[in-house]
There are 2 protein chains.
Amino acid sequence: MTTQSHIEKRAKILDAALHLFVDQGFHATPTAAISKAAGVSAGILFHYFKTKEDLIYTLFLETKLEFYRVMMTGLDKVKSPEGKFRLIWSNMWNYGVDQPHKFKFVQQIHNSPFEDKIKEDNAILDMTDKMTQSIHAAIDAGILKNVPIELHMNNFYFLILGLVELIWQKPELRNNNTFIEQAWECFWDCHKT
Amino acid sequence: MTTQSHIEKRAKILDAALHLFVDQGFHATPTAAISKAAGVSAGILFHYFKTKEDLIYTLFLETKLEFYRVMMTGLDKVKSPEGKFRLIWSNMWNYGVDQPHKFKFVQQIHNSPFEDKIKEDNAILDMTDKMTQSIHAAIDAGILKNVPIELHMNNFYFLILGLVELIWQKPELRNNNTFIEQAWECFWDCHKT
DNA sequence: TAAATTATTGAGTGACTACTCAATCACATA
DNA sequence: TATGTGATTGAGTAGTCACTCAATAATTTA
C-alpha cells in the first residue's frame, strides 16, 4: 500500500507549512518554499490541497482541533470545580509551551483576515459550548465571580496567552514550581469570588 | 510652503497603509493599493519611504509611540497607586476601543517576524522602564502581589487585550458601568495582594 | 525673474508567484 | 505479464509585485 507514505507526505507538507507560515507569514511564504522544505516536488502540493488557501484552512482547523482536544484531556478524572479549571489552565499553557509554532499559528490566524472566512468546525463549537456551561455552573455554585461569561472566557484565554509568551521568553520558569503557583494564584484570583 | 501638504500626503499614505495592512495583511497589500487608497501616484510612496519595509517600520514606531503616550496621559494628577494603575488600565483599553486599526496593527507586528527586526525606540524603552519601576514600588509597598514583575506586566497587558477584544465584539459594554467595574475587579484581583 | 530644488506622475522592468499539465513512475489487481 | 489507477515530477505560463526613472510641475532661493 502507498497509503502510509501518502499520509506521511501530506503531514510533511502541513508541518513544513506550519513552520514557514509562523516564521515568515502566509503571503511571504511561496508554495515552492513549502514543497522544498517538505522534500517534495512543487506540483504535489496541489494534489493534496486544492489551493494555498485550502492548505491554510486545513492547517488551521486541524491545529485548532488538536488544541481543543489537548485542552480537555483528563478532565473527567477531576472532581472539584477549581481542580477542573486548574487542569484546563495547565493543559493549555503546557500545549502552548510545547508547541510554540502551532500555538502561534492559531494566534496568527486569529488576528488576520482569514479568521472571518473560516467557519468553525462543529467539534470546536461543541468545546466552546462545554466551556461556557462549566463556567455558568461554577458561577451558580458561587465559585466564580458573577460577571458576564464572555469576560471570564476572555480573561481565561488571554491570561494563559500571556503566561505562555512569558515562558517562551524565560523557559526556565516552566520548572519553577514557585513561579507556576504564583501564576496560578493571579489567574485564580482573577476568576474566583 | 509645501510643507503642509507634504506632511498631509505622508500621513495619508500611512493611514491608508494602516487600514489595508490590518484588513488584508502586509504581504497581501500591494504598494499600488496603498497609493491608490491614499489618492497619490504609485511612485510617490517611494519618495517618502525608501521601501515597503521602511513604511511598515515607520508606521509601527509612530503607532506604538502614540499608544505609549496615551497610556501615560494624566498620570501625574493621580496620587494613590491603585488610582495610577486604574488610570493606565483605563487609558489603554479606551485607546484600543477607539483606535481598533492602530491597536490591531501593533498586535499584528507583535506576532510577526518583523518584531525581531525592529529595534525599540528610546522613548519606548523609557516608558517600559517607568512601568517596571512603578510595579516594583507597588510590590514593595505591599499593594501588588509579590510575584515576578514580568508576570505582572504580562497579566496587565493581556487582560487589557482581552477586554478590548470583548468590547469590539459587544460595543454596548463600553458604556455599561456595571460591566466596566466588573472588568476592573477581575483585573485588580489578579494583581493586588 | 532665473536658477536650483523638490514634489509628483505613471508607464516600464525584472523578479517572483500560484498553479497547470504532459509525462513518468509505483504499485495493485486480474 | 498486462493493464489500470493514483502518485509524483518539474518545466512552463500568465499574472502580479516592488521599485525605477525620465519627464514635468510646483515651490523655494538668489
Side-chain angles (χ1 to χ4, degrees), chain A residues 1-62 105 108-109 112-114 117-118, chain B residues 1-62 105 108-109 112-114 117-118:
Chain A
M1 287 245 272
T2 50
T3 315
Q4 187 57 22
S5 75
H6 186 255
I7 291 178
E8 269 169 18
K9 198 156 285 187
R10 202 188 102 107
K12 269 188 180 174
I13 293 172
L14 283 170
D15 194 56
L18 172 70
H19 280 76
L20 288 167
F21 284 157
V22 170
D23 293 342
Q24 321 188 17
F26 309 119
H27 298 281
T29 304
T31 54
I34 298 172
S35 44
K36 193 180 173 189
V40 298
S41 77
I44 200 65
L45 193 149
F46 297 91
H47 177 73
Y48 289 103
F49 307 95
K50 243 173 68 109
T51 61
K52 191 183 176 185
E53 277 216 346
D54 182 38
L55 170 60
I56 296 175
Y57 292 166
T58 305
L59 192 55
F60 179 64
L61 276 181
E62 294 193 1
F105 181 70
Q108 202 175 331
I109 289 273
S112 91
F114 285 115
K117 293 188 193 162
I118 300 175
Chain B
M1 286 244 273
T2 51
T3 315
Q4 187 56 22
S5 77
H6 184 259
I7 291 178
E8 268 170 19
K9 198 155 285 187
R10 201 187 103 108
K12 270 189 181 176
I13 293 173
L14 283 170
D15 194 56
L18 172 70
H19 281 77
L20 288 168
F21 285 158
V22 170
D23 293 342
Q24 323 188 16
F26 309 119
H27 298 281
T29 304
T31 54
I34 299 172
S35 45
K36 192 180 173 189
V40 299
S41 76
I44 199 67
L45 193 149
F46 296 93
H47 177 72
Y48 290 104
F49 307 95
K50 246 175 67 113
T51 62
K52 191 183 177 184
E53 276 216 346
D54 182 37
L55 169 61
I56 296 174
Y57 293 165
T58 306
L59 191 55
F60 179 65
L61 277 182
E62 295 192 1
F105 180 71
Q108 201 174 331
I109 290 273
S112 91
F114 285 114
K117 294 188 192 161
I118 301 174

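Throughout, a chain's letter reflects where its sequence line sits, starting with A, and its residues are numbered from 1. Just so it is clear, the model here is predicted, and its values are computed rather than measured.
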Would you indicate which nucleotide in [options] comes nearest to any side-chain atom of [X]?
X	options	value
B:Ile44	D:dA18, D:dA7, C:dT9	C:dT9
A:Val40	C:dC19, D:dA18, D:dT9	D:dT9
A:Ser41	C:dC19, D:dG10, C:dA18	D:dG10

Would you please confirm or rule out a distance under 4.0 Å between OP1 or OP2 of [N] and any side-chain N or O of [X]?
X	N	answer
A:Lys52	C:dT17	no
B:Tyr48	C:dA7	no
B:His47	C:dT8	no

Measure from [atom1] on [X] to [atom2] on [N] and round the result to the nearest Å.
X	N	atom1	atom2	result
B:Lys36	D:dA18	NZ	C1'	18 Å
A:His27	C:dC19	NE2	P	12 Å
A:Phe26	C:dT17	CZ	P	17 Å
A:Leu55	C:dA18	CG	P	11 Å
A:Lys9	D:dG6	NZ	P	17 Å
B:Phe46	D:dC19	CZ	P	5 Å
B:Arg10	C:dT6	CZ	C1'	16 Å
A:Phe49	D:dA7	CZ	P	13 Å

**Prompt:** Say you draw a straight line from CD1 of A:Ile13 to CZ of A:Arg10; how long is it, rounded to the nearest 0.5 Å?
**Reply:**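 One gets 9.0 Å once the value is rounded to the nearest 0.5 Å.
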
**Prompt:** Contact class for A:Ser35 (heavy atom, under 4.0 Å): base, sugar-phosphate, or nothing?
**Reply:**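 If one applies the 4.0 Å heavy-atom cut-off, A:Ser35 turns out to touch nothing in the nucleic acid.
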
Just wondering, do [Y] and [X] contact through their side chains at under 4.5 Å, heavy atoms?
X	Y	result
B:Leu55	B:Thr58	no
A:Lys9	A:Val40	yes
A:Phe49	A:Leu14	yes
A:Leu59	A:Ile109	no

**Residue whose nearest DNA chain C nucleotide is more 5′ - A:Lys50 or B:Ala42** =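 Nearest-nucleotide comparison on DNA chain C picks B:Ala42.
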
